[in-house]
Amino acid sequence: MNDKRLEHINISAFQEDLLRWYEENKRDLPWRENNDAYRVWVSEIMLQQTKVDTVIPYFNRFMEKYPTVYELAEADQQDVLKQWEGLGYYSRARNLQTAVREVVEAYDGKIPEDPKQLGDLKGVGPYTKGAILSIAYNQPIPAVDGNVMRVFSRVLHIEEDIAQSSTKKLFEHYVEEMISKEDPSSFNQAIMDLGATICTPKQPMCMFCPVMEHCQAYVEGIQDRLPVKKKAKKQQKKKYIALLIQNKEGKYVIEKRPDSGLLAGLWQFPMIPADDIVKKDWQPWLQENYGLDVEINESCTSIKHVFSHIIWNVDVRKASTNEETVQDSRLEFVSLEELKKYPFPVPHQKMIPFLEE
DNA sequence: AAATCGGGGCC
DNA sequence: GGCCCAGATTT
């Protein structure tokens with residue numbers, strides 16, 4: 001392995017300066033109350049691609065409702081998705097519950113300390129495995145996320161594109177070399193806190209950095225140009241007509257999305273893909289796809305929703321039907337009160353206020 | 001290796 | 001509008 005980048009750094013001094021800073025400045029976060037592996041696990045799953053401030057209220061509610069692996073293992077999946085509602089990347093919730101059930105069945109409820117067993121659990125990838133092993137079990141294993149790549153791209157002046165999947169292995173190698181063997185838990189968490197509070201993506205506060213004298217990018221004055229990351233391509237746009245369909249009893253039609261793909265297992269108001277279906281074909285399309293005879297009214301609002309790879313433009317319309325039962329197994333008629341128990345994606349949550357008017 | 005999979009907050 | 005976020009899984 002090419003270790004020329006390590007020749008300019010005093011590893012033990014780096015560790016010492018970093019850990020001293022962390023002891024003084026570590027953030028007070030709910031999942032740091034103790035090192036219980038289940039709490040660490042839940043927090044790490046929630047924190048994937050998600051900001052700390054967003055996660056905190058979700059984490060607190062989740063731990064209150066599912067304090068141990070046993071409560072989560074026995075829970076109804078729809079209830080778990082309801083707890084996850086608004087947090088995004090819903091496969092995280094389904095995979096977490098699948099994995100927790102595996103831990104209860106195969107490991108008597110004890111989260112494995114063995115890297116192989118832990119990494120084989122659903123939704124536990126290289127990062128989460130390293131985070132749990134280091135934070136909960138104090139094993140000197142790398143946990144390479146965006147923070148770690150940003151910090152070490154600067155400290156070691158690494159110009160490899162961090163958007164490439166192969167690049168992560170390079171960082172894992174360097175973290176293995178540099179991680180504190182005495183306190184790997186604090187080391188990994190310290191790098192994350194440093195990346196979140198000082199070694200930030202834009203305008204890093206190098207003057208407050210505990211390891212500035214160890215940082216190659218700071219010495220060279222190039223911290224603003226690291227890390228290197230290839231641009232993401234633009235999202236594809238899709239148009240839909242969403243229908244708030246009410247029947248004579250005042251109930252509304254909702255639809256469960258498929259078990260895989262975007263927003264899997266969540267509920268929504270029926271949508272017509274408007275890119276594919278022209279206006280004159282709306283009625284026959286609804287009859288064909290849902291078995292519903294619907295009268296459609298004028299638009300009441302429009303909603304734009306940006307996903308990572310798609311942009312939805314949804315024209316929302318009230319509609320009525322004479323049906324009282326549904327033929328399609330994906331559909332249900334629900335009252336406004338009942339509807340609140342179902343997990344909805346955010347763009348459809350924004351339609352709910354228009355039901356009451 | 002690239003695409004999929006949410007949503008919010010920042011500039 | 002683009003970018004980033006305590007990434008994993010599928011293609």
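Lettering follows sequence order; numbering is per chain, from 1.
- In this structure, A/Val346 is not a member of the same hydrophobic cluster as A/Met46, with clusters built from ILVMFWY side-chain heavy atoms closer than 4.5 Å.
- Within the nucleic acid shown, A/Thr50 comes within 4.0 Å of at least one base atom, counting heavy atoms only.
- Under 3.5 Å, the side chain of A/Arg150 and the base of C/dA6 form no donor-acceptor pair of N or O atoms.
- Nearest to the side chain of A/Lys231, among C/dC3, C/dC5, C/dG2, sits C/dC3.
- In the set B/dG7, C/dA6, C/dC4, the nucleotide with an atom closest to the side chain of A/Ser308 is B/dG7.
- A/Arg92 contributes a side-chain N or O that, together with a main-chain N or O of A/Tyr89, makes up a donor-acceptor pair within less than 3.5 Å.
- Counting only heavy atoms from C-beta outward, the side chains of A/Ile141 and A/Lys129 never approach each other to under 4.5 Å.
- With both ends at atom P, the span from B/dA3 to C/dC3 equals 15 Å, rounded to whole Å.
- Distances shorter than 4.0 Å separate some side-chain N or O of A/His305 from OP1 or OP2 on B/dG7.
- Within the nucleic acid shown, A/Ser43 has no heavy atom closer than 4.0 Å to any nucleic acid atom.
- Contacts of A/Arg257 with the nucleic acid, taken as non-hydrogen atoms under 4.0 Å apart, are absent.
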Please assess A/Arg27 against A/Val52 for the test side-chain contact (heavy atoms from CB on, under 4.5 Å), listing each intermediate value before the final yes or no. CA-CA 11 Å; A/Arg27 291 175 291 175; A/Val52 164; 3.8 Å; yes
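- Checking each of A/Glu85, A/Glu332, A/Gln78 against A/Tyr342 for a side chain to side chain donor-acceptor pair (under 3.5 Å) leaves exactly one that passes, namely A/Glu332.
- Nucleic acid contact class of A/Trp31 (heavy atoms, under 4.0 Å, all strands): base.
- Mapping A/Lys51 and A/Ser260 onto DNA chain B by nearest heavy atom places A/Ser260 closer to the 5' end of the strand.
- Here A/Tyr127 lies in heavy-atom contact (under 4.0 Å) with a base.
- Although no hydrogens or angles enter the test, the distance criterion places no donor-acceptor pair under 3.5 Å between the side chain of A/Asn313 and the main chain of A/Lys237.
- In this model, no side-chain donor or acceptor of A/Thr54 finds a partner on the base of B/dG8 within 3.5 Å.
- A heavy atom lying under 4.0 Å from DNA chain B marks the following residues of residues 81-90 of chain A, by number: A/Gly86, A/Leu87, A/Gly88, A/Tyr89, A/Tyr90.
- Taking CG of A/Asn95 as the start and OH of A/Tyr90 as the end, the distance is 14.5 Å to the nearest 0.5 Å.
- In summary, of the residues considered (A/Phe344, A/Tyr252, A/Tyr240, A/Tyr290), a ring-ring contact (aromatic ring centres under 6.0 Å, His included) with A/Phe269 occurs for A/Phe344 alone.
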Does the pair A/Ser12 and A/Glu16 meet the rule for a side-chain hydrogen bond (donor to acceptor under 3.5 Å, both in side chains), with working shown? CA-CA 6 Å; A/Ser12 58; A/Glu16 203 173 308; 5.8 Å; no
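- Contact check on A/Lys116 versus A/Asp120 returns a salt bridge, with a Lys/Arg side-chain nitrogen under 4.0 Å from an Asp/Glu carboxylate oxygen.
- Look at A/Gln48 and you won't find any side-chain N or O under 4.0 angstrom from OP1 or OP2 of C/dA6.
- A tilted orientation is assigned to the rings of A/Phe14 and A/Phe152, their planes being inclined by 30° to 60°.
- Across C/dC4, C/dA6, C/dC3, the shortest atom-to-atom separation from the side chain of A/Lys229 is found for C/dC4.
- Residue-level contact check: A/Ile162 touches neither bases nor backbone, having no heavy atom under 4.0 Å from any strand.
- By the 4.0 Å N-to-carboxylate-O rule, A/Lys82 lies too far from A/Asp76 to be salt-bridged with it.
- Within 4.0 Å of A/Val52, counting heavy atoms only, lies at least one base atom of the nucleic acid.
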Produce the list of close N/O pairs, under 3.5 Å, pairing protein atoms with atoms of nucleotides 2-4 of chain B; give distances to one decimal.
residue	atom	partner	partner atom	Å
B/dA2	OP2	A/Gln164	NE2	3.4

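- At a threshold of 4.0 angstrom between heavy atoms, the contacts of A/Pro227 with the nucleic acid are absent.
- Among the atoms of the strands shown, base atoms are found under 4.0 Å from some heavy atom of A/Arg27.
- Here A/Lys304 lies in heavy-atom contact (under 4.0 Å) with sugar-phosphate atoms only.
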Considering only nitrogen or oxygen atoms on both sides, find all protein atoms under 3.5 Å from nucleotides 9-11 of chain C and state each distance.
residue	atom	partner	partner atom	Å
C/dT9	OP1	A/Gly123	N	2.4

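- Here the CD1 atom belonging to A/Ile272 is positioned 4.5 Å from the CD1 atom belonging to A/Ile296, to the nearest 0.5 angstrom.
- In this structure, CD1 of A/Ile45 is placed 10 Å from C1' of C/dA6, rounded to the nearest angstrom.
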